[in-house]
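Some notes on the structure that comes next.
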Amino acid sequence: MFILTTDLLRGLNEQQRAAVTLPAQHALILAGAGSGKTRVLTTRIAWLIASSQLSPQGLLAVTFTNKAAREMLTRLSAMVTVNTKAMWVGTFHGLCNRMLRAHYRDAALPASFQILDTQDQLAAIKRMLKAMQVDEDKIPPRNLMHFINGCKEDGQRAAAVEAFDDYNRRFVELYAAYEAQCQREGVVDFAELLLRSFELLQRNQLLREHYQLRFRHILVDEFQDTNGLQYRWLKMLAGAGNVLFAVGDDDQSIYGFRGADVGNMMAFEREFRVENLIKLEQNYRSAGHILDCANALIANNHARLGKDLWTEAGEGEAVRVQELVSDAGEAQWLVEQIKAIVRDGDRRSDVAVLYRSNAQSRLIEHALFSANIPYRVYGGLRFFERAEVKHALAYLRLIEQDDDDGAFLRVVNFPTRGIGARSLEQLQDLASRQSISLMGALARASASDLSNAALTRLRQFQQLIHSLRQSTAMLPLAEAVALVIEQSGLSQHYSHEKEGQERLENLQELVNAAASFVMEQGFQPDTPISLVATDGSDLNPVLSTFMPDMQTIMAGSNEAALTEAMSPLAAFLSHASLEAGEHQALAGDDAVQMMTVHAAKGLEFQHVFITGLEEGLFPHENALSEAQGLEEERRLMYVAITRARERLYLSFAQTRMLHGQTRYHLRSRFIEELPEQHLKWLSPRTQQRWAQPGSASFGFQHGMSASMAPLGNDQASLLAPGRKSEADAMGQGSKAGLRIGQSVRHDRFGDGVVVSLEGRGDDARAQINFGRQGLKWLALSVAKLQLI
DNA sequence: TCGGTTCAGAGTATT
DNA sequence: TCTGAACCGA
């Protein structure tokens with residue numbers, strides 16, 4: 001055992017080793033990009049187990065993505081031989097699901113509660129608004145969803161939310177109605193998984209103590225991404241006696257917009273009186289110039305715990321910077337650079353093209369496609385999000401739980417069975433009058449409620465679900481899925497559809513996914529889908545007499561039985577909701593990798609292109625008006641820079657087509673923040689003078705005389721056809737020497753670019769993008785502009 | 001029920 | 001400019 005543990009430490013640097021071997025005390029590991037974070041996390045677990053400080057069932061390790069959880073388990077099992085089944089390693093949502101399945105009754109949920117993904121949740125909200133006859137224009141479903149999830153992430157039930165005006169009161173009312181609907185249908189959304197689990201522990205002392213006694217060591221990955229509720233959940237489980245080991249990087253916090261709160265890192269340090277703060281600053285990924293750029297950039301942020309990356313690898317190549325005339329030019333330039341990289345012997349898959357927003361990918365794709373360069377775009381629909389897959393899953397959900405109105409409505413008339421909106425409305429009326437589900441209402445419906453024809457068809461659907469349930473009950477999962485696809489009519493439907501071939505293939509893929517799921521979960525391959533291994537014998541007799549409602553401390557004392565306590569079908573449905581699957585992408589053999597900067601987090605590439613480095617785009621203009629928005633954008637840039645191992649390219653364009661308009665942007669301030677000595681300008685570096693911050697107020701400046709440069713003689717030719725007033729303004733503008741795209745200097749706002757012109761005579765105005773100072777309309781008759 | 005037209009909106013994303 | 005959703009007529 002001793003040899004084993006020292007083996008584990010081999011190759012770790014001093015800080016990594018210190019982190020791995022910390023005594024059983026709370027710790028915060030500040031792990032910089034490329035500093036071996038995952039290695040430390042997994043080695044820490046292996047170390048604790050190998051040195052007998054921790055038994056596998058005492059471990060709780062939490063991540064944000066299934067991918068990270070899988071990676072942790074894979075690497076862990078390569079280090080030590082352990083029973084991974086006994087450990088709780090997974091995502092917050094996955095673990096909460098696990099807990100709620102085990103204690104569904106205590107959590108006031110049906111045994112077969114279903115999980116709503118974001119799509120499902122939005123559909124449920126729309127359905128509710130419709131049923132309540134709420135105008136979607138007054139209450140946009142997305143806003144309501146955002147509101148509800150926000151409340152849940154704050155740990156607040158509708159009853160607890162304070163509303164100070166009528167508008168908010170309405171939201172709270174609808175939140176309450178949504179809660180009721182979910183409860184009635186036996187479904188929970190993602191935020192609900194967290195909140196239910198949290199409330200369960202909070203309310204139920206026995207359960208809380210049980211889990212607190214169990215999880216001696218709690219490890220959290222990407223701690224900077226936790227939201228308020230996740231942090232409280234962790235605190236709850238940590239109790240007074242357990243050890244919380246948090247790994248994160250405040251400089252890589254880029255998910256504030258979805259509720260992540262970097263402040264949790266500081267709160268953790270304070271509230272847990274963390275004495276072990278270890279910084280992992282040695283970087284094993286990027287060359288020196290790249291790291292120095294990253295360090296210099298992020299030093300512009302104020303709210304930081306502080307950290308500087310360094311490397312032994314040497315300075316490497318300078319960071320290349322390229323200015324281009326247009327977005328199309330940028331795409332073309334990319335193509336040429338990538339060709340050169342490939343010519344020099346590197347693989348296309350060693351190249352990543354990063355951008356701030358998805359919309360930017362189209363032009364780049366176009367250019368790569370035209371140049372016959374294979375590429376792969378991350379993003380887009382994922383496997384379990386596809387319509388045909390969701391349809392098949394809806395049938396499976398109805399087999400498992402027929403109160404699920406969302407699933408019911410999704411497939412009651414798909415494939416079409418002549419059940420129209422009218423019949424469904426009547427059925428919904430019936431259901432809401434009695435506060436029961438649609439399937440329940442259907443069971444009670446009589447000829448007085450619906451037309452005979454409609455009732456017959458609905459009954460046939462009911463019968464279909466019933467017979468599917470019967471005929472699949474004893475089948476293994478994959479066969480059951482195949483049967484459902486066949487007998488529901490989905491298969492036939494798509495085989496007649498023009499472009500149904502791909503959908504059929506996806507449905508076949510679903511059958512395969514079911515088969516491999518059964519294998520991975522360790523079910524016997526032929527376990528019938530409905531077989532639940534729960535038997536009362538595991539129940540702790542003391543507890544069950546002591547507290548009859550507390551059914552499943554048993555699951556706690558025999559955790560290995562937990563997944564087995566669910567039927568293969570129930571487990572598969574959870575899996576399908578909790579893991580949307582891989583992003584669809586043509587699995588190009590050797591393809592250039594294209595993705596947003598967000599999607600690139602955690603990845604690394606030999607060559608990285610960061611494109612569209614323009615004010616308004618990156619940093620994104622929307623972010624500038626948000627609290628802390630700029631700092632988050634800067635962290636995003638930091639993440640982007642630190643993806644590169646060897647060579648980093650930065651590019652920006654003078655003009656870009658955005659929302660159907662040609663826009664003129666100044667180059668990103670983030671380029672200005674990089675030290676000159678680490679850069680290599682491929683295009684000449686142009687002067688860019690920034691206005692001093694703090695003079696942003698704008699009004700028409702009366703009494704100021706316009707001092708314009710003399711009129712250029714090529715202006716007329718630049719007049720573009722456009723709206724009449726625009727053309728007039730262009731005429732007026734040309735007299736002043738202005739044209740769209742013209743660079744100008746303003747005393748107060750600094751340097752800018754003319755974006756548009758309008759009005760005539762004394763009313764002629766120019767819209768100018770002053771970058772940091774924003775977009776301004778200036779009256780040409782008063783504004784003091786200088787051409788540059 | 002399908003197919004076309006119209007209209008608004010256009011940021012990043014995991015579970 | 002482009003897309004997706006909503007809507008309307010056959």
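All chains are named by letter (A, B, ...) in the order of the sequence lines, taking the proteins before the strands, and each is independently numbered beginning at 1. Excluded from the calculations below are hydrogen atoms, water molecules and symmetry mates; all remaining heavy atoms, backbone and side chain alike, are included.
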Pairwise C1' distance for dT12(B) and dA5(C), with rounding to whole Å: 22 Å

Between [atom2] on [N] and [atom1] on [X], what's the gap in Å once rounded to a whole number?
| X | N | atom1 | atom2 | result |
| --- | --- | --- | --- | --- |
| Leu122(A) | dT15(B) | CG | P | 19 Å |
| Asn413(A) | dC2(B) | CG | C1' | 14 Å |
| His146(A) | dT15(B) | NE2 | C1' | 15 Å |
| Gln661(A) | dG9(B) | CD | C1' | 14 Å |
| His620(A) | dG9(B) | NE2 | P | 16 Å |
| Arg656(A) | dA10(B) | CZ | P | 19 Å |
| Leu617(A) | dT12(B) | CG | P | 10 Å |
| Leu658(A) | dG11(B) | CG | P | 8 Å |

With heavy atoms under 4.0 Å as the rule, sort [X] into base, sugar-phosphate or nothing.
| X | value |
| --- | --- |
| Ala623(A) | base |
| Glu153(A) | nothing |
| Gln230(A) | nothing |
| Phe92(A) | nothing |
| Lys601(A) | nothing |
| Arg362(A) | sugar-phosphate |

Of Tyr375(A), Tyr355(A), Tyr649(A), the residue whose pairing with Phe609(A) passes ring pair (Phe, Tyr, Trp, His ring centres under 6.0 Å): Tyr649(A)

N/O donor-acceptor pair, side chain Gln360(A) with base dG11(B), under 3.5 angstrom: no

Check: Thr416(A) side chain, dT1(B) base, donor-acceptor under 3.5 Å: no

Euclidean distance, Phe652(A) CZ relative to Ile671(A) CD1, rounded to 0.5 Å: 5.0 Å

Quick one: is [X] getting a side-chain N or O under 4.0 Å of the [N] phosphate, OP1 or OP2?
| X | N | result |
| --- | --- | --- |
| Asn358(A) | dA13(B) | yes |
| Thr596(A) | dG11(B) | no |
| Lys130(A) | dA6(C) | no |
| Arg382(A) | dT14(B) | yes |

Stacked pair Phe64(A)-dT15(B), distance under 5.5 Å, angle under 30°: no

Of Gly581(A) and Phe257(A), the one whose closest DNA chain B nucleotide lies more 5': Phe257(A)

Near-ring test Phe113(A)/Tyr104(A), centroid separation under 6.0 angstrom: no

Can you tell me which nucleotide in [options] comes closest to the side chain of [X]?
| X | options | value |
| --- | --- | --- |
| Thr91(A) | dA13(B), dT15(B), dA6(C) | dT15(B) |
| Asn66(A) | dT12(B), dT15(B), dG11(B) | dT15(B) |
| Arg258(A) | dT14(B), dT15(B), dT12(B) | dT14(B) |

For Arg634(A) against Leu297(A), the heavy-atom pair lying closest together: CD-O, 3.2 Å

Qualifying residue for side-chain contact (heavy atoms from CB on, under 4.5 Å) with Glu633(A), from Arg669(A), Gln628(A), Arg356(A), Glu626(A): Arg356(A)

Worked check of salt bridge (charged side-chain N to carboxylate O under 4.0 Å, His left out) between Arg157(A) and Glu192(A): CA-CA 10 Å; Arg157(A) 290 294 173 191; Glu192(A) 184 72 25; 2.8 Å; yes

